[in-house]
Amino acid sequence: MKIVEARVIVCSPGRNFVTLKITTEDGLTGIGDATMNGRELAVASYLSEYVCPLLLGRDAGRIEDMWQYLYKGAYWRGGPVGMTAISAVDTALWDIKAKAAGLPLYQLLGGRSRDGVLVYGHANGNTVEEVLEWVHSYVERGYKAVRVQFGIPGLSSTYGVGSDKLYYEPADRGAFPVENSWSTELYLRSVPAAIGRVRDAFPDLHLLHDVHHRLTPIEAAKLGQRLEELSLFWLEDPVPAELQEGFRIIRSHTTTPIAVGEVLPTIWDLRTLIGEQLIDYVRTSVQRAGGISHLRKIASLAELHHVRTGSHGATDLSPVCMAAALHFDLSVPNFGIQEYMPHTPETDEVFPHSYRYSDGFMHPGEEPGLGVEIDEDAAGCFPYQRAYLPVNRLLDGTMHSW
Ligand code: EZ4
Ligand code: CO
């Protein structure tokens with residue numbers, strides 16, 4: 001099964017996506033998501049300039065060897081650009097192998113460990129009333145878990161609260177990033193009561209909240225303590241995770257479950273967090289963490305340390321990643337939950353797929369491979385447009401984490 005073609009397809013059906021498509025001499029094709037939100041062309045060029053030429057003539061069936069070849073062979077290890085590129089190759093090769101076997105990918109990963117994949121959606125609102133309305137609409141659609149984000153009184157803009165609620169995921173087209181403002185003091189003053197009101201209205205729902213890397217460990221510890229009685233499913237990214245040891249401070253103060261990892265691409269970036277049981281859910285994804293192959297290693301390490309998976313699944317992860325994630329989620333023993341936000345109709349048109357949502361759960365479908373394709377004619381109608389994630393400043397103008 002020699003690889004005869006490897007191509008990068010960049011498109012923007014509402015937002016930018018980078019997709020790698022690999023073709024074998026037998027005419028089988030496989031695809032992988034290589035999107036890195038706000039920095040898309042860095043990965044596209046890494047792939048097309050350096051990785052695609054290396055794939056030609058190689059055996060598409062040697063997935064693990066290819067991973068090691070691209071990881072060790074580059075010399076420059078890790079990092080989001082290189083790892084996203086490896087993710088795309090690995091995902092595409094698993095797609096090909098499963099198609100060649102005539103099986104949905106999850107069957108090659110050990111088969112089903114559960115009947116469906118528990119998912120959560122985002123309820124974002126400027127006011128608690130708006131959030132309550134959104135949570136209600138999720139519950140009506142069968143959701144068992146919802147992430148809640150609120151506007152902060154006194155601040156003009158807040159992460160997770162946008163104008164287009166259904167398809168909102170930041171990355172705005174324009175010459176410069178949007179500038180948001182932040183005050184930890186105002187946030188900590190309002191958020192426990194806001195989540196408390198959602199908890200009062202929905203006593204049985206799994207509630208999640210994303211702090212988006214904005215606190216210090218001791219601030220996060222305090223917030224975790226104040227949220228304990230609200231029984232969150234998780235508190236996400238309370239602090240930036242580069243300093244993994246910082247989570248010891250949070251952990252020693254609160255039993256609120258912690259989820260981390262959407263920006264962390266390798267097992268080595270997560271080693272202390274998982275190995276010392278400093279987190280409860282690991283949030284890195286097929287798209288970020290070296291594809292199916294490396295994510296399974298991370299999940300195995302996590303399993304050993306009582307950490308469950310909670311893969312990142314915002315809309316900047318393409319339907320190709322979502323399909324791959326669902327095969328992983330269905331098979332992995334220590335699955336926790338999967339983030340899921342529907343893509344726009346334009347995106348679904350470019351990426352026809354067999355996965356489906358029903359009553360709070362998702363299923364990847366039974367098509368051989370990933371069960372997702374790219375319609376290149378449709379993709380061609382949506383050319384790339386540069387877009388940036390926002391930046392974040394404190395009220396006095398100091399740059400802060402976003
Ligand atoms: O900001 O996917 O939990 N989800 C998130 C997302 C991320 C974006 C970044 O590209 O934090 O909203
Ligand atoms: Co997040």
Side-chain angles (χ1 to χ4, degrees), residues 12 14-18 33-43 80-81 83-84 87 119-125 134 145-150 157-173 177-178 180 182 187 191 206-215 220 223 232-242 257-265 269-270 273 279-289 309-322 325 336-344 347 386-392 400-402:
S12 195
R15 65 169 317 112
N16 294 321
F17 293 113
V18 179
D33 182 17
T35 309
M36 190 166 96
N37 199 9
R39 295 292 188 272
E40 294 86 2
L41 296 188
V43 184
V81 175
M83 291 304 290
T84 305
S87 299
V119 293
Y120 72 91
H122 299 183
N124 308 320
W134 270 98
V146 181
R147 188 191 86 167
V148 290
Q149 306 293 132
F150 312 85
S157 60
T158 301
Y159 153 71
V161 182
S163 46
D164 186 351
K165 293 202 184 64
L166 194 52
Y167 301 120
Y168 174 76
E169 196 57 54
D172 292 291
R173 292 168 179 170
V178 166
N180 288 334
W182 180 255
Y187 168 73
V191 82
H206 292 311
L207 292 179
L208 300 82
H209 179 68
D210 190 349
V211 186
H212 226 256
H213 326 109
R214 289 166 186 220
L215 301 179
L223 177 62
L232 284 193
F233 188 94
W234 78 35
L235 185 67
E236 176 177 337
D237 285 332
V239 302
E242 295 98 311
I258 305 292
V260 176
E262 66 185 49
V263 304
L264 301 179
D269 302 305
L270 290 155
L273 292 175
I279 60 173
D280 300 279
Y281 296 92
V282 58
R283 271 184 58 66
T284 196
S285 62
V286 173
Q287 180 209 57
R288 184 98 311 107
T309 68
S311 291
H312 189 203
T315 50
D316 50 297
L317 294 90
S318 89
V320 182
C321 179
M322 180 54 58
I337 199 166
Q338 169 69 49
E339 183 179 25
Y340 167 61
M341 286 296 282
H343 290 102
T344 60
T347 298
R386 187 164 62 195
Y388 286 107
L389 288 162
V391 299
N392 199 23
H400 195 62
S401 298
W402 181 78

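Whatever order the structure lists ligands and atoms in, that order sets their numbers, starting from 1.
Relative orientation of the H400 and W182 rings is parallel, given thresholds of 30° and 60° on the angle between their planes.
In terms of polar-atom proximity, defined here as any N/O pair under 3.5 Å, H212 does make such a contact with ligand 1. Considering both main-chain and side-chain atoms, Y120 never comes within under 3.5 Å of ligand 1 through any nitrogen or oxygen pair.
Every atom of ligand 1 with a heavy atom of D210 under 4.0 Å away is listed here by number and element: 3 (O), 4 (N), 5 (C), 11 (O). Near H312, with a cut-off below 4.0 Å to any heavy atom, the atoms of ligand 1 are 2 (O), 4 (N), 5 (C), 6 (C), 7 (C), 8 (C). Per-residue contacts place N37 under 4.0 angstrom from the following atoms of ligand 1 (heavy atoms of the residue considered): 9 (C), 10 (O).
In this structure the side chain of H209 reaches within 4.5 angstrom of the side chain of Q149, judged on heavy atoms.
Under the 3.5 Å distance criterion, with hydrogens and angles disregarded, a donor-acceptor pair is assigned to the side chains of R173 and S12. For the 3.5 Å distance criterion, the side chains of S311 and R283 fail to qualify, holding no donor opposite an acceptor.
The Co ion (ligand 2) lies at 2.8 Å or more from every N, O or S atom belonging to E339.
Ring pair W402/H213: centre-to-centre distance not below 6.0 Å.
Geometry at the Co ion (ligand 2): OE1/E262 and OE2/E236 form an angle of 90°, nearest 10 degrees.
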